[in-house]
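A quick write-up on the structure given underneath.
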Amino acid sequence: MVKIDMQKAYGTVEWCFLEQVLTEMNIPGRFLAWIMTCVTIVSYAIVVNGKPTTPFDAKRGVRQGDPLSPYLFVLAMEYLTRSLKTLRENPDFNYHPRCEKLNIIQLSFADDLLLFCRGDVVSVQLLYDFFQQFSKASGLIANQEKNSIYFGGVTEDMQQNIIKCLGFSKGSLPFRYLGVPLSSKRLSVAQCQPLLDKMVGRIKNWTVKFLSNAGRLQLIKSVLFAIQSFWS
């Protein structure tokens, strides 16, 4: 498994790439024009000694904090998803043994990306080559210092060959993904302690509020259950 962290993801998406993706998805022309207008009229100013400089126009990226930006970024990542699906037609590529039946090659949430394949040099190289092609087209570049690769049931010699091929650091389980620890084994009490601490912290905040039993029940259902469900 390869964990890729994209460098300044929202700020590096190429506008021409985004527009082409939306066009290929048959977004209506007028709506597409509205979207690209919202994306391309951005300007920035830098505060120096408490005073903003003359604004300058942006050349790429989507607005940070804009409600529309996450949707646009997901559509941009769809290009990578559809590209990776073509790997099934390559006889040299081998799926991860646990992912083959479901045809799973990648999982992503916004710019958090996990790639899966069998632990051999050819499959890993093909997987990374597809990501490199995506990087050249989209402007989204992997942060080499934060990328990691994780092995299971792979010989030490093969691991070293793959690491040399990609230049990634070797990671160890468990690691945190989207704020949740991922492990190949059952999570220990210590690894679940942040979940317990978060829930206890919420409860302590509620004790100082004058809430009815119905209000407390509603908070438990809407907040505590939601936290637990996210981890599950």
Side-chain angles (χ1 to χ4, degrees), residues 1-7 9-10 12-14 17-18 20-27 70-144 146-155 158-159 161-187 229-232:
M1 179 177 69
V2 180
K3 181 178 181 293
I4 293 181
D5 180 88
M6 283 177 278
Q7 187 174 359
Y10 275 52
T12 56
V13 181
E14 295 288 352
F17 168 77
L18 180 61
Q20 185 175 359
V21 169
L22 296 178
T23 301
E24 293 297 325
M25 290 184 171
N26 295 320
I27 301 296
Y71 296 101
L72 296 177
F73 191 84
V74 168
L75 292 177
M77 291 297 295
E78 181 67 14
Y79 177 91
L80 175 63
T81 301
R82 297 189 182 189
S83 296
L84 291 175
K85 286 182 178 179
T86 63
L87 279 172
R88 73 180 68 178
E89 302 170 2
N90 191 323
D92 296 327
F93 178 79
N94 296 300
Y95 282 91
H96 186 283
R98 297 293 181 88
C99 301
E100 186 171 4
K101 289 184 178 180
L102 298 175
N103 294 324
I104 295 176
I105 299 177
Q106 63 90 22
L107 294 175
S108 62
F109 184 86
D111 58 338
D112 293 302
L113 180 63
L114 298 178
L115 303 177
F116 305 91
C117 70
R118 185 183 296 177
D120 61 78
V121 176
V122 176
S123 296
V124 175
Q125 186 64 60
L126 284 171
L127 199 63
Y128 190 60
D129 287 345
F130 268 71
F131 177 79
Q132 290 289 73
Q133 294 173 14
F134 167 74
S135 294
K136 292 178 181 179
S138 65
L140 297 170
I141 302 173
N143 189 338
Q144 293 291 337
K146 296 184 179 180
N147 295 331
S148 302
I149 187 166
Y150 300 85
F151 298 97
V154 181
T155 64
M158 182 62 72
Q159 291 183 25
N161 290 335
I162 294 174
I163 291 173
K164 290 179 182 178
C165 180
L166 296 185
F168 288 3
S169 60
K170 180 181 177 181
S172 59
L173 296 174
F175 69 93
R176 299 186 73 82
Y177 180 70
L178 304 180
V180 179
L182 293 187
S183 176
S184 59
K185 302 177 181 178
R186 180 176 297 178
L187 293 176
S229 296
F230 177 77
W231 273 57
S232 298

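Side chains are part of it too, since the values below use all heavy atoms of this structure and drop only hydrogens, waters and symmetry mates.
When the options Leu115, Thr86, Ile105 are evaluated for a side chain to side chain contact (heavy atoms under 4.5 Å, CB included) with Phe130, the one that passes is Thr86.
Shown here for Met77 and Leu140, the closest heavy-atom pair between the two residues is SD-CD1, 4.2 Å. Annotation for Cys165 and Val121: closest pair SG-CG1, 4.3 Å, computed over non-hydrogen atoms. In terms of heavy-atom proximity, Leu127 sits nearest to Leu87 at CD1-CD1, 3.8 Å.
A donor-acceptor contact shorter than 3.5 Å is absent between the side chain of Ser169 and the backbone of Ser148. Here the side chain of Asn147 pairs a donor or acceptor atom with the backbone of Asp5 at under 3.5 angstrom. Panel note: side chain Arg82, backbone Tyr79; no donor-acceptor pair is recorded below 3.5 Å. The backbone N or O of Asn94 sits less than 3.5 Å from a side-chain atom of Ser123, completing a donor-acceptor pair.
Gln106 and Thr81 share a side-chain donor-acceptor pair at under 3.5 Å.
Atoms CD and CD1, on Gln132 and Ile141 in that order, are 9.0 Å from each other to the nearest 0.5 Å. In this structure, the separation between NZ on Lys164 and CG on Leu166 is 13.0 Å, given to the nearest 0.5 Å. Atom CZ of Arg118 and atom CD of Glu100 lie 7.0 Å apart (nearest 0.5 Å).
You'll find the side chain of Asn103 reaches within 4.5 Å of the side chain of Arg88, heavy atoms only. Between Tyr150 and Lys3 the shortest side-chain heavy-atom distance falls below 4.5 Å. At least one side-chain heavy atom of Leu80 sits less than 4.5 Å from a side-chain heavy atom of Leu113. When side chains are defined from C-beta on, Pro70 counts as touching Tyr10, because their heavy atoms get closer than 4.5 Å. Within the 4.5 Å cutoff, the side chain of Leu114 has heavy atoms near those of the Met1 side chain. Contact annotation: the side chain of Tyr128 never approaches that of Val2 to less than 4.5 Å [non-hydrogen atoms, C-beta and beyond]. Side-chain contact check for Ile4 versus Asn143: every heavy-atom pair is 4.5 Å or farther apart. The side-chain heavy atoms of Ile163 and Ile149, taken from C-beta on, include a pair separated by under 4.5 Å.
Under the 30°/60° scheme for interplanar angles, the aromatic rings of Phe134 and Phe17 are found to stand perpendicular.
Aromatic ring centroids of Tyr95 and Phe116 lie 6.0 Å or more apart.
The number of heavy atoms from other shown groups lying within 6.0 Å of CD (Gln159) is above 12.
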Check your understanding: Is there a side-chain hydrogen bond (donor to acceptor under 3.5 Å, both in side chains) between Gln133 and Asp129 once you walk through the steps?
Key -> CA-CA 6 Å; Gln133 294 173 14; Asp129 287 345; over 6 Å; no

Check your understanding: Run the side-chain contact (heavy atoms from CB on, under 4.5 Å) check on Glu78 and Phe73 step by step: do they pass?
Key -> CA-CA 9 Å; Glu78 181 67 14; Phe73 191 84; over 6 Å; no

